[in-house]
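Encoded as structure tokens, the structure appears first; notes follow it.
A, B, ... follow the sequence lines: proteins, then strands. Residue 1 opens every chain.
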Number of protein chains: 2
Amino acid sequence: MSSTREPLTRDRIVDAAVRLIEREGVEAVSMRRLASELGAGTMSLYNHVPNKAVLVDLAAERIMADARPYHVDSDDWRDHIRAHARAVRELARRHPRAFVLLATRRLSSEAGFRTIEAALLNFDRAGFRGRIAVGMMRAMVSYLLGTLMREVATSPELGGIALSQYADVDVSAFPLSAGVIGELATYDHDQEFECGLELLIAGLERYQS
Amino acid sequence: MSSTREPLTRDRIVDAAVRLIEREGVEAVSMRRLASELGAGTMSLYNHVPNKAVLVDLAAERIMADARPYHVDSDDWRDHIRAHARAVRELARRHPRAFVLLATRRLSSEAGFRTIEAALLNFDRAGFRGRIAVGMMRAMVSYLLGTLMREVATSPELGGIALSQYADVDVSAFPLSAGVIGELATYDHDQEFECGLELLIAGLERYQS
DNA sequence: CCCTCCTACGTACGCCGTACGTCGCAGGGA
DNA sequence: TCCCTGCGACGTACGGCGTACGTAGGAGGG
């Protein structure tokens, strides 16, 4: 009966939090729920974690650490940047419910630095150094953050958000919008992601010399 | 004594919510607090608003409606795109605590459509039509969303997040990062915004043909 | 054998959103 | 005039939240 139940650990707690976040989203996380899923008393968690906020931070970092190295067979810096961007997107798609967390938080961990270093290497290959490289990288990060936020915030709802959303406004007052209402009402995330990516790369080429 | 106190109204409630959000952020909003600030009983709010979630939605839309028209003296599409982007940024900076709200939500109101229409007009000027224009616009929106999220999420804390964040990781393991650690630790939001903006415009020029 | 310390846990407080029932009042028919 | 009806304001109550605090029990060192 009193079998040595697995003792509480910061790791075990963070793991449970990550699983819960991925299953039901951040808003489902509560100390009571987490504890009961671990078969422990609520307040026992506080022996390993100072409060809920840092627990969520830890979970975010753990998820961030799931960023995987990517591999490309090419000497072209463009291919490296593409691969890096796609890797970030894969991370976001692997953890759609948790991505808002990563986006909100300022990541300071080693995993974050690995990503930064890899990005800087790619920009270095393209001939960008110093503060310029940082600026370009941040523009890229902003784009990724933005598209992926839009993508993961949109996808959990059934694919077609479509026209029902716009039903109550008089579209005819906006002629240009009316002309592309079909495109406005649908999302092809793959294609849109690549489209923006190529746009940024084209800009980079322009600024290269 | 029984002076005709202002009666509760959906408008008055939403106004109070907007003010509270701007003052202390979304997480400070609670039905009890809102009611007490209005000098009303908590449950009275529910006569005008079905629940808290839609109240927050209404507040977000009200803030979105604060987007202001911008004016440019130029025939160059680049200047129009710049002006539009800066206007969005101004909106974000006027409502830093509320911007996450706007970013998260899918805006369906008329105000949203006005913005879309204006953007499409600018891309039309640049020679982009149809699905291509929508793609370019969405890339632009993604960039704006990303930078502004980063900017407003960063600014409320004292300006210098700086090196303390990175203190616990061994930077020497990341040579490129180490070389620009000063730039990584500081943010010049004005300059970074413009930098990314010009990068996108350069990309657009490239795709224009 | 005892003392110390660490961890698990229960209780309690002050918040939260909101379902539900009541009360008072304004306005309209008879 | 009186009464009825409907609506807005409000109190109470329930279940859930984060967490401060006190306690108990067991492991390990003296």
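Under a 3.5 Å cut-off, the side chain of A:R138 and the backbone N or O of B:L184 do form a donor-acceptor pair.
Contact between the side-chain N/O atoms of B:S44 and the OP1/OP2 oxygens of D:dC10 is found at a separation under 4.0 Å.
Contact check of residues 18-32 of chain A against DNA chain C (heavy atom, cut-off under 4.0 Å) returns A:R32.
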### Task
Report the C-alpha separation of A:D190 and A:R89 in whole Å, then their side-chain angles, then the decisive distance to 0.1 Å, and conclude whether the salt bridge (Lys or Arg N to Asp or Glu O under 4.0 Å) test is met.
CA-CA 10 Å; A:D190 287 347; A:R89 181 164 180 240; 2.7 Å; yes
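Atom-to-atom, NE2 of B:H48 to P of D:dC7 comes out at 13 Å; the value is rounded to the nearest Å. In this structure, OH of A:Y46 is placed 19 Å from C1' of C:dC6, rounded to the nearest angstrom. Nucleotide C:dC15 holds its C1' atom 11 Å from the NZ atom of B:K52, rounded to whole Å. Here D:dG8 presents its P atom at 15 Å from CZ of B:R12, a figure rounded to the nearest Å. Atom C1' of nucleotide D:dA9 and atom CZ of B:R10 are separated by 17 Å, given to the nearest angstrom. For the pair B:L45 CG and D:dG11 P, the interatomic distance rounds to 12 Å; values are reported in whole Å. Nucleotide C:dT18 holds its C1' atom 15 Å from the CG atom of B:L34, rounded to whole Å. Note: CG (B:N47) to P (C:dG24) measures 17 Å, nearest angstrom.
Considering only the side chain of A:M43, C:dT11 comes nearest among C:dT11, D:dG8, C:dA8.
Dense packing is recorded around CZ of B:R78, with more than 12 heavy atoms of other residues, nucleotides or ligands lying under 6.0 Å away. Atom CZ of B:R125 has more than 12 neighbouring heavy atoms from other residues, nucleotides or ligands inside a 6.0 Å radius.
Contact check on A:R94 versus A:E90 returns no salt bridge, with no Lys/Arg side-chain nitrogen under 4.0 Å from an Asp/Glu carboxylate oxygen. Taking the charged nitrogens against the carboxylate oxygens, A:R12 and A:D15 have no contact shorter than 4.0 Å, which rules out a salt bridge.
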